[in-house]
Visitor: 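This is the structure, below, for whatever I ask next.
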Amino acid sequence: MEEIKNNIVDVITTCDTAQFCTFASDKLYPETRIVANMINKNNKNINTENLILHFMTNKNSNKIQQIKNNNNVCIYYFNQETRKAMTLFGSIEIIESMNEKSKFWNDSWKNFGYIGKYDENYCVIKFIPKFYKFFIEKEEKYGKL
């Protein structure tokens, strides 16, 4: 299991973006969007024990309402250079605590229109993975975390 978690962390920390999939409001079809991997990329401190990930988004984005309706999501990573691909399935929590959100703030995010870590539209979401599926060196693996 440790090797699998290390492979997952390797993919996460080398991808600039991820595909983030939620259920649309009609709950019939999933909705996918590209999200920047700004918090997790190159973060060698990702806890390999639980693989909890964080993402920054706008509090008014469609995905926030979709998460409130159904917090089951999947996140897909693909590294074009190494050809490694991985999907994590799990649940999302919206972090409400300003203290907790401020831990993730990066001043470069002002380029996205935020005024700072206390901006009311700045939102951090926490992903708790439960299952994984990945393709590494022509091998597909699926399992529970």
Side-chain angles (χ1 to χ4, degrees), residues 3-137 140-143 145:
E3 179 184 348
I4 289 169
K5 287 183 178 181
N6 287 336
N7 281 324
I8 290 170
V9 169
D10 179 54
V11 174
I12 290 169
T13 58
T14 60
C15 291
D16 291 328
T17 61
Q19 293 182 22
F20 189 95
C21 307
T22 57
F23 285 96
S25 56
D26 62 13
K27 300 182 184 177
L28 295 176
Y29 299 100
E31 183 176 328
T32 302
R33 80 267 298 145
I34 299 291
V35 294
N37 193 25
M38 294 181 289
I39 293 177
N40 304 305
K41 183 175 170 44
N42 296 321
N43 182 352
K44 301 302 180 189
N45 297 318
I46 292 176
N47 185 330
T48 57
E49 189 65 32
N50 57 29
L51 296 175
I52 290 175
L53 304 172
H54 295 84
F55 296 89
M56 181 269 295
T57 189
N58 190 299
K59 187 171 116 179
N60 298 317
S61 72
N62 287 338
K63 71 179 145 305
I64 294 299
Q65 187 57 50
Q66 291 170 351
I67 289 167
K68 288 178 180 178
N69 291 336
N70 182 344
N71 72 339
N72 294 316
V73 302
C74 72
I75 301 173
Y76 176 76
Y77 294 88
F78 176 67
N79 184 315
Q80 194 167 4
E81 292 175 21
T82 64
R83 310 298 294 168
K84 292 180 181 179
M86 182 219 11
T87 305
L88 294 174
F89 305 88
S91 60
I92 285 282
E93 294 177 7
I94 300 167
I95 296 177
E96 302 289 345
S97 161
M98 283 293 199
N99 257 356
E100 190 66 21
K101 290 189 323 184
S102 69
K103 293 177 187 176
F104 298 99
W105 176 256
N106 182 315
D107 276 339
S108 70
W109 297 345
K110 289 179 181 178
N111 294 332
F112 297 102
Y114 299 105
I115 57 173
K117 60 184 169 184
Y118 298 111
D119 188 310
E120 65 181 43
N121 290 318
Y122 166 60
C123 184
V124 175
I125 51 180
K126 177 168 103 175
F127 176 71
I128 301 133
K130 297 176 183 167
F131 299 95
Y132 67 88
K133 179 178 180 182
F134 69 83
F135 301 92
I136 295 178
E137 297 170 10
E140 178 179 293
K141 292 191 177 190
Y142 179 81
L145 289 168

Visitor: Quick one: does K63's side chain get under 4.5 Å of F55's, heavy atoms only?
Guide: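 Heavy-atom side-chain distance check fails, nothing below 4.5 Å.
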
Visitor: Can you check whether N37's main-chain N or O pairs, donor with acceptor, with N40's side chain at less than 3.5 Å?
Guide: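 No; zero donor-acceptor contacts below 3.5 Å.
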
Visitor: Do you know which two heavy atoms are closest between G113 and D119, and how far apart they sit?
Guide: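 Minimum heavy-atom separation between G113 and D119: O-OD2, 4.1 Å.
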
Visitor: Is the distance between the ring centroids of Y132 and F134 under 6.0 Å?
Guide: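 Between F134 and Y132, the centre distance is under 6.0 Å.
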
Visitor: Should the heavy atoms of other residues, nucleotides or ligands under 6.0 Å from OH of Y142 be counted, would the total exceed 12?
Guide: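 More than 12 heavy atoms, drawn from other residues, nucleotides or ligands, come within 6.0 Å of this atom.
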
Visitor: Does the side chain of S97 come under 3.5 Å of the side chain of N99 through a donor N or O and an acceptor N or O?
Guide: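 On atom types as modelled, these side chains do not qualify, holding no pair under 3.5 Å.
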
Visitor: Minimum heavy-atom separation for K41 and D16, please, with both atom names.
Guide: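 Smallest heavy-atom distance, with atoms named: CE-OD1, 2.6 Å.
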
Visitor: I need the minimum non-hydrogen distance between N79 and C15, along with the two atoms involved.
Guide: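 Taking N79 first and C15 second, the nearest heavy atoms are N-SG, 3.9 Å.
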
Visitor: Using a 3.5 Å distance criterion without hydrogens, assess whether the side chain of D10 forms a donor-acceptor pair with backbone atoms of N6.
Guide: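 Absent.
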
Visitor: Could you grab the distance from atom CG of N50 to atom NZ of K5, nearest 0.5 Å is fine?
Guide: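 So the gap between those two atoms works out to 7.5 Å.
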
Visitor: In chain order, what residues pass the side chain to side chain donor-acceptor pair (under 3.5 Å) check against T22, with sequence neighbours excluded?
Guide: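 In terms of side chain to side chain donor-acceptor pair (under 3.5 Å), with neighbours along the sequence ignored, T22 is linked to R33, Q66.
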
Visitor: Tell me if a side-chain donor or acceptor on Y122 pairs with a main-chain N or O of K101 at a distance below 3.5 Å.
Guide: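 Yes; judged by distance alone, with no hydrogens or angles, the pair exists.
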
Visitor: Do I94 and K68 make a side-chain contact, defined as non-hydrogen atoms from C-beta onward lying under 4.5 Å apart?
Guide: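 Of all side-chain heavy-atom pairs linking K68 with I94, at least one is under 4.5 Å.
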
Visitor: Angle between ring planes, F78 versus Y76, binned at 30° and 60°: parallel, tilted or perpendicular?
Guide: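 Because their plane-to-plane angle is under 30°, the rings of F78 and Y76 count as parallel.
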
Visitor: Sequence neighbours excluded, which residues qualify as salt bridge (charged side-chain N to carboxylate O under 4.0 Å, His left out) partners of K103?
Guide: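 Result, salt bridge (charged side-chain N to carboxylate O under 4.0 Å, His left out) vs K103: E100.
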
Visitor: Mind checking the CD1-OG1 spacing from I67 to T57? Nearest 0.5 Å is all I need.
Guide: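 Answer for the CD1-OG1 pair, I67 versus T57, is 7.5 Å.
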
Visitor: Do I12 and L88 come within less than 4.5 Å of each other through their side chains, counting heavy atoms only?
Guide: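 The answer is yes; the side chains approach within 4.5 Å.
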
Visitor: For the residue pair G116 and K110, what are the closest heavy atoms and their distance?
Guide: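 So the minimum-distance heavy-atom pair works out to CA-CE, 4.4 Å.
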
Visitor: Would you find more than 12 non-hydrogen atoms of other residues, nucleotides or ligands less than 6.0 Å from K133 atom NZ?
Guide: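 No.
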
Visitor: Rounded to the nearest 0.5 Å, what separates atom OG1 in T87 from atom OH in Y77?
Guide: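 It is 10.5 Å, given to the nearest 0.5 Å.
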
Visitor: For a quick test of reading the model, state the closest non-hydrogen atom pair linking Q19 to I34 and the distance between them.
Guide: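 Distance-wise, the nearest heavy atoms are CG-CD1, 3.5 Å.
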
Visitor: Would you call L51 and F127 a side-chain contact if the rule is heavy atoms closer than 4.5 Å?
Guide: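 Contact flag for L51/F127 side chains = no.
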
Visitor: Return the minimal non-hydrogen interatomic distance between I39 and W109, and the atom names on each side.
Guide: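 For I39 versus W109, the nearest heavy atoms are CG1-CH2, 3.5 Å.
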
Visitor: If I take atom CD1 from residue I125 and atom NE2 from residue H54, how far apart are they, to the nearest 0.5 angstrom?
Guide: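 Interatomic distance, I125 CD1 to H54 NE2, rounded to 0.5 Å: 10.0 Å.
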
Visitor: Measure the CD1-NZ distance between I52 and K126 for me, rounded to the nearest 0.5 Å.
Guide: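 Here the interatomic distance stands at 5.0 Å.
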
Visitor: Calculate, to the nearest 0.5 Å, the distance between atoms CD1 and CD1 belonging to I75 and I92 respectively.
Guide: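 So the gap between those two atoms works out to 5.0 Å.
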
